[in-house]
Amino acid sequence: MLSIDNLHAAVDGNEILKGLTLDINPGEVHAIMGPNGSGKSTLSYVLAGREDYEVTDGDIFYDRASIMELAPDERAALGIFLAFQYPVEIPGVATTTFLRTALNALRRARGEDEINAAAFLKKQRDVANKLGVSDEMLKRPINVGFSGGEKKRMEALQMALLEPRMVIMDETDSGLDIDALRIVAENVNRLRAPDRSFLIITHYQRLLDHIKPDYVHIMADGRIVQSGGPELAHKLEAEGYAAFGIAEKAAA
Amino acid sequence: MTALPSWLSDWRIEANENITRLGLPAKSESWKYTSLPAAWSVEKLRAKPGSGDAQKFRSQIKDAITLDFVDGKYIKGQLPKLPAGVIIAPLSQQLADNNERVRQSLGNSTPGKTRSLISLNLAEFTDGILIYVPHGVKLDQPVFMHSFGRKDSVNHLRVLVHLEADAEATLIQHHTSAENAVTNIVHEFDLGARSKFHHYRLQDDDQTATHLTFTETQLAEGSELDHFSLTLGARLSRHEITSYLNGEHAITNVNAAALLGGTQHADFTSVINHQSPHCLSRQTVKNVLGGKSRGVFQGKIHVHQIAQKTDGYQMNQALLLSPQAEINAKPELEIYADDVKCSHGATVGQLDDNAMFYLRSRGLSAELARALLIEAFLMDALQQISKEDIRDIFVESMQAKQSEISDAAGRA
């Protein structure tokens with residue numbers, strides 16, 4: 001489904017990704033773990049198509065076609081979804097208006113009919129109920145005044161509503177209390193399907209207690225240094241990054 | 001055209017003397033960022049019909065009282081039976097009847113002695129609207145004025161509003177003039193004690209037109225002006241709006257928004273005169289500037305010595321969509337009282353990259369994401385229009401203009 005081949009990327013001339021290779025098949029859940037500064041968030045932005053990240057070498061294939069030249073919205077239309085580490089606050093745009101605009105933009109791009117207001121509201125309510133998102137939150141401007149946990153639940157809501165096929169979750173567990181973590185994890189488990197894949201980027205093991213990955217990759221200095229099954233995450237939890245020969249920065 | 005009342009003929013002679021003396025506005029503190037084309041003369045700006053077809057108007061508001069103008073003249077309207085004593089009529093008709101109220105309301109206007117464009121309007125207007133609402137009458141139906149100047153026309157219109165104590169009325173103006181039309185419209189509002197006047201302007205003239213507006217409001221004790229201007233059209237436009245807070249506890253809200261592209265230039269200049277204690281003024285002015293457009297905001301709050309406990313607030317925000325767009329903001333506080341609360345602020349920014357990426361990552365095209373963010377920025381100002389059906393008209397026009405600007409940006 002997603003194939004990353006020898007990816008090199010730079011921000012402001014600094015190379016962050018230094019030859020990252022990864023293959024994700026339909027239905028698989030992959031976790032990438034790495035210390036701060038290893039390039040995890042850069043990877044998520046590059047996959048989603050953020051323009052200020054410059055890909056200097058390598059390629060990204062989605063359904064066997066390169067997506068390198070595609071804009072973020074074109075990637076979204078293909079089914080790529082990034083759950084942000086820091087969801088952006090946008091004053092003046094009601095969340096529900098935004099959600100409907102996004103859903104219809106995706107449907108148009110995929111050659112489907114737009115969803116009517118009544119059907120949308122029903123769909124939104126169903127998803128919101130499962131995630132404990134109130135009507136009041138949906139009326140508020142996008143992410144404005146939301147707590148960290150509310151923002152992550154809103155990301156989960158968008159994920160469920162927009163029904164992507166390739167979900168990238170960037171440090172979704174940061175800033176989450178245990179209840180919110182459980183809600184967000186349940187959402188992912190509910191959405192797991194044979195034709196939907198997940199790439200979960202995280203610093204810690206704890207999210208992986210709730211979402212069982214098929215594969216775990218350890219990332220350091222812009223590339224994947226070791227791959228394996230869930231046991232890798234346990235080893236990391238028990239022995240730390242040092243067990244993989246990775247020096248963690250003091251700030252981490 | 002019927003003969004003018006003799007008093008008006010006399011006033012016009014004086015007005016023409018003023019014009020000769022003053023000439024067209026030249027560079028000055030008030031005209032710091034805006035100038036009329038150098039080739040223009042007073043003679044070019046005399047009232048003149050245009051050519052081509054007139055637009056077909058359609059009232060977009062149910063039950064509105066409507067008055068339609070073409071080339072500065074009333075052509076038709078929908079004037080239902082009004083409550084006793086209320087006058088809502090074309091000025092041409094009121095002048096023909098020599099209604100004393102017209103003379104009184106026009107008599108309130110003095111700035112013509114120093115401003116040639118107001119003198120020019122006095123010398124040239126033949127039509128407009130008179131709104132008179134007697135004591136305690138609250139008009140539920142809004143008055144909807146649609147003005148269309150045909151190609152190359154010069155339109156001079158005068159709008160006189162007089163609300164007696166405790167009265168209330170709403171005036172909506174929609175301007176949609178054609179190529180190279182010039183509009184010079186003067187508003188004089190006289191608000192009696194505790195009266196409330198809502199004034200919403202939508203200027204959506206052709207991109208080659210010129211639109212000059214003066215608005216002067218006298219506010220008695222406890223009265224309130226609720227003004228909102230949306231500027232979308234005209235190559236060159238300027239709105240000079242002055243409020244005189246004459247009685248205690250009067251309120252003036254002077255809000256505006258502009259969405260400009262191409263080489264458009266829009267000037268919004270306000271002067272709020274606090275000359276009585278305990279008055280409140282609020283101003284939010286927002287500009288979205290694309291292409292090589294230029295927005296000007298000059299806002300002055302003048303607090304006289306007597307005006308203790310004044311509460312004045314002014315905010316100017318601009319969003320620049322292109323590197324060639326420009327905003328000139330000149331806030332001015334002149335305060336002679338010692339117990340007042342006055343604040344002002346100005347911000348200039350661009351569309352936020354993080355917000356753009358976030359929206360696009362959810363499937364919104366660049367155009368759609370940009371439109372949503374622009375709309376969000378302007379909506380804040382448009383929310384000032386409390387009546388939803390009226391606000392919808394403004395929002396629709398704003399959205400139409402926005403897609404024009406996006407198309408232009410896409411071609412560039």
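Every chain is numbered from 1 and lettered A, B, ... according to where its sequence line falls, protein lines coming before strand lines.
- Heavy atoms closer than 4.5 Å to chain B are found in both the backbone and the side chain of A/Arg50.
- At a heavy-atom separation below 4.5 angstrom, chain A is approached by B/Asp352, B/Asp353, B/Asn354, B/Ala355 within residues 348-355 of chain B.
- For a residue to count as touching a neighbouring chain, one of its non-hydrogen atoms must lie under 4.5 Å from one of that chain's; by this rule B/Leu373 touches chain A with the side chain only.
- The side-chain heavy atoms of B/Leu359 and A/Val93, taken from C-beta on, include no pair separated by under 4.5 Å.
- Rounding to the nearest 0.5 angstrom, the gap separating the CD1 atom in A/Ile90 from the CG atom in B/Leu372 is 7.5 Å.
- Interface remark: A/Pro87 contributes backbone and side-chain atoms alike to the contact with chain B (heavy atom separation under 4.5 Å).
- Summarising the geometry, atom OG belonging to B/Ser365 is positioned 10.0 Å from atom CD belonging to A/Glu74; distances are rounded to the nearest 0.5 Å.
- More than 12 heavy atoms of other residues, nucleotides or ligands shown are found within 6.0 angstrom of NZ on B/Lys387.
- Within the 4.5 angstrom heavy-atom criterion, no atom of A/Ala109 approaches chain B.
- Annotation: B/Glu332, atom CD; neighbour count of heavy atoms from other residues, nucleotides and ligands within 6.0 Å is above 12.
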Got a list of side-chain donor-acceptor pairs under 3.5 Å for residues 96-103 of chain A, not counting sequence neighbours?
unit_1	atom_1	unit_2	atom_2	d
A/Thr96	OG1	A/Gln124	OE1	3.1
A/Thr96	OG1	A/Gln124	NE2	3.3
A/Thr101	OG1	A/Thr97	O	2.6

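- Within 6.0 Å of atom CG in A/Asp195, more than 12 heavy atoms from other residues, nucleotides or ligands are found, so the atom counts as buried in its surroundings.
- Within a 6.0 Å sphere centred on NZ of B/Lys292, other residues, nucleotides and ligands contribute 12 heavy atoms or fewer.
- Considering every non-hydrogen atom in both B/Leu368 and A/Ala105, the closest pair reads CD2-CB, 4.2 Å.
- Of all heavy-atom pairs spanning B/Ala376 and A/Pro91, the tightest one is CB-O, 3.5 Å.
- Shown here is A/Asp113, whose CG atom has no more than 12 heavy atoms of other residues, nucleotides or ligands within 6.0 Å.
- For B/Leu364, the parts sitting under 4.5 Å from any heavy atom of chain A are the backbone and the side chain alike.
- Across all their heavy atoms, B/Phe357 and A/Gly49 have their closest contact at CE1-C, 4.0 Å.
- Under the 30°/60° scheme for interplanar angles, the aromatic rings of A/Phe84 and B/Tyr358 are found to stand perpendicular.
- In this structure, CD in A/Glu51 is found 8.0 Å from CE in B/Met356, a value given to the nearest 0.5 Å.
- For A/Phe120, the CZ atom is densely surrounded, since the number of other residues' heavy atoms within 6.0 Å is greater than 12.
- The shortest heavy-atom contact between B/Ser361 and A/Pro72 is N-CB, 4.1 Å.
- Judged by distance alone, with hydrogens and angles left aside, the side-chain atoms of B/Arg362 form a donor-acceptor pair with the main-chain N or O of A/Leu82 at under 3.5 Å.
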